*Asks:* 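Below: one structure in structure tokens.
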Amino acid sequence: MALTLGTLVLIVAAWWTSARESEAPAPAQPNSVVRSDTGVSAPATLITAPLPDDGTRPPDFSAQEWSTLRAATAEAPQPDRELARLVSYLRFQKGFAQWQSLQNSPDIAARHRLAEQLLAQLPERVRQGEMGAGEVTLLQQALLVDLVPDETQRQQRLALVQADVAKAMPPADTTQQALNEARRSEYKRREAAILADYQTRPEAQRNPAQLEAALEEARRAVYAPAN
């Protein structure tokens, strides 16, 4: 049975959140700060727009967001290039959130234009190492369920966009890739055990704070660098 758009979007959102949470802890990145700042949405027409040549703030970023981005990239080897990359990635994230918000909108044409722009952005997101193959595939499927109602035509289109993404994939570091997969699998195993234990407890013994602490402890145990 074919998945509906709403169901697939929920799966994608859950996958995206899980993938981000299960990655090794890293120093705070500017995008994580900016993303929660004001919630300014990137209009579809701005997702692929270049930055202003004079270095002024783009209209789809707040003054605080722009100041944070400029400060965070000032010490990069190539500040302008890194700033452009972060802006592009943030616009993609905001665009995806905007597309989700338009699922029940009567303006189907606007939603589809946005979906097409998001699809076109996926190879660059992979090229920059910002997304993995698994989440890209789910995003492609979710966007194409919206864009192409016919199952046969959708699979044909999926093959085309997957080929574009495959060309953008960097050469695989098999050693690091295997390590990452092993860590992710171990964390998921521990996470499942913790959640199962929590669910079997009587309601009065369920403490969300303790659950969160147990999950964080498991995450640190799996991803903390070896001494």
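We number each residue from 1, following the sequence as shown. Predicted model, so just to flag it, every value in this text is computed and none were measured. Values below: all heavy atoms of this structure, side chains included; hydrogens, waters and symmetry mates excluded.
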*Asks:* Can you measure from CZ (Arg70) to CG (Leu86) and round to the nearest 0.5 angstrom?
*Replies:* 12.0 Å

*Asks:* Are Arg157 and Glu116 within salt-bridge range, i.e. N to O under 4.0 Å?
*Replies:* yes

*Asks:* Evaluate side-chain contact (heavy atoms from CB on, under 4.5 Å) for Tyr223 paired with Arg184, printing each intermediate quantity in order.
*Replies:* CA-CA 9 Å; Tyr223 290 110; Arg184 179 171 297 190; 4.0 Å; yes

*Asks:* Looking only at non-hydrogen atoms, find the nearest pair between Asp197 and Thr200 and report the distance.
*Replies:* O-OG1, 2.8 Å

*Asks:* Determine, for Arg183 against Glu186, whether the closest basic-nitrogen to carboxylate-oxygen distance falls under 4.0 angstrom.
*Replies:*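 A salt bridge is absent here (no side-chain N lies under 4.0 Å from a carboxylate O).
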
*Asks:* Minimum heavy-atom separation for Ala168 and Pro123, please, with both atom names.
*Replies:* CB-O, 3.3 Å

*Asks:* Any luck finding a side-chain donor-acceptor pair between Ser88 and Arg125 under 3.5 Å?
*Replies:*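 Side-chain D/A pair, Ser88 to Arg125: present.
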
*Asks:* Go through it in stages, so that I can follow the logic: the residues are Arg219 and Tyr187, the test is side-chain hydrogen bond (donor to acceptor under 3.5 Å, both in side chains), and I'd like the CA-CA distance, side-chain angles, deciding distance and then a yes or no.
*Replies:* CA-CA 6 Å; Arg219 183 178 294 111; Tyr187 173 75; 2.9 Å; yes

*Asks:* Begin from the C-alpha positions of Leu211 and Leu215 and carry the test side-chain contact (heavy atoms from CB on, under 4.5 Å) through to its verdict.
*Replies:* CA-CA 6 Å; Leu211 173 63; Leu215 290 172; 4.2 Å; yes

*Asks:* To the nearest 0.5 angstrom, please state how far the CG atom of Leu144 sits from the CD atom of Gln156.
*Replies:*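 That separation rounds to 12.0 Å.
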
*Asks:* Which residue, Arg154, Gln153, His112, forms the side-chain contact (heavy atoms from CB on, under 4.5 Å) with Leu147?
*Replies:*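 Result: among Arg154, Gln153, His112, His112 is the only option passing the side-chain contact (heavy atoms from CB on, under 4.5 Å) with Leu147.
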
*Asks:* Roughly how far, to the nearest 0.5 Å, is CZ of Arg111 from CG of Leu143?
*Replies:*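 Taking CG in Leu143 and CZ in Arg111, the distance rounds to 11.0 Å.
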
*Asks:* How many angstroms lie between atom CD of Gln205 and atom CD of Gln210, to the nearest 0.5 angstrom?
*Replies:*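 Taking CD in Gln205 and CD in Gln210, the distance rounds to 10.0 Å.
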
*Asks:* Just verifying a value: how many Å separate Asp60 CG and Trp66 CH2, rounded to the nearest 0.5 Å?
*Replies:*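 Between Asp60 CG and Trp66 CH2, I get 9.0 Å after rounding to 0.5 Å.
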
*Asks:* Can you give me the closest heavy-atom contact between Asp146 and Trp99, atom names plus distance?
*Replies:*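 Smallest interatomic distance, heavy atoms only, reads OD2-NE1, 2.9 Å.
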
*Asks:* Going by heavy atoms in the side chains, are Phe92 and Met131 under 4.5 Å from each other?
*Replies:*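 Yes, side chains in contact.
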
*Asks:* Is Ser185 reaching over with its side chain to a backbone N or O of Ala182, donor-acceptor style, under 3.5 angstrom?
*Replies:* no

*Asks:* Is the count of non-hydrogen atoms from other residues, nucleotides or ligands lying under 6.0 Å from Asp107 atom CG greater than 12?
*Replies:* yes

*Asks:* We want to know whether Gln117 and Gln121 form a side-chain donor-acceptor pair, criterion being a heavy-atom distance below 3.5 angstrom.
*Replies:* no

*Asks:* Taking the side chain from Ser67 and the backbone from Ala63, do they hold a donor-acceptor pair closer than 3.5 Å?
*Replies:*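 The answer is no, because no donor-acceptor pair under 3.5 Å joins these two groups.
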
*Asks:* Determine the minimum heavy-atom distance between Ala218 and Ile194, stating which atoms define it.
*Replies:* CB-CD1, 3.9 Å

*Asks:* For Leu90 and Phe61: C-alpha separation, side-chain torsions, deciding distance, then whether side-chain contact (heavy atoms from CB on, under 4.5 Å) applies.
*Replies:* CA-CA 10 Å; Leu90 284 168; Phe61 284 86; 3.8 Å; yes

*Asks:* Name all residues meeting the side chain to side chain contact (heavy atoms under 4.5 Å, CB included) criterion together with Gln140; count only those two or more places apart in sequence or in a different chain, and write none if there are none.
*Replies:*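 Partners of Gln140 by the side chain to side chain contact (heavy atoms under 4.5 Å, CB included) criterion, ordered by chain and then number, come out as Leu119, Leu122, Val136, Thr137, Leu158, Val161, Gln162, Val165.
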
*Asks:* Return yes if some donor-acceptor pair links the side-chain N/O of Ser62 with the main-chain N/O of Glu65 below 3.5 Å, else return no.
*Replies:* yes

*Asks:* Mark yes or no: Lys94 above the aromatic ring of Tyr89, with NZ or CZ under 6.0 Å from the six-membered ring centre and no more than 45 degrees from the axis.
*Replies:*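 No; the conditions do not both hold, so Lys94 does not lie above the ring face of Tyr89.
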
*Asks:* Using a strict threshold of under 4.0 Å (side-chain N to carboxylate O), is an ion pair present between Glu124 and Arg127?
*Replies:*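 Answer for the salt bridge query: yes.
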
*Asks:* Rounded to the nearest 0.5 Å, how far does CZ of Arg190 lie from CD of Glu217?
*Replies:*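 One gets 9.0 Å once the value is rounded to the nearest 0.5 Å.
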
*Asks:* Is it true that the side chains of Gln155 and Glu151 contain a donor and an acceptor less than 3.5 Å apart?
*Replies:* yes

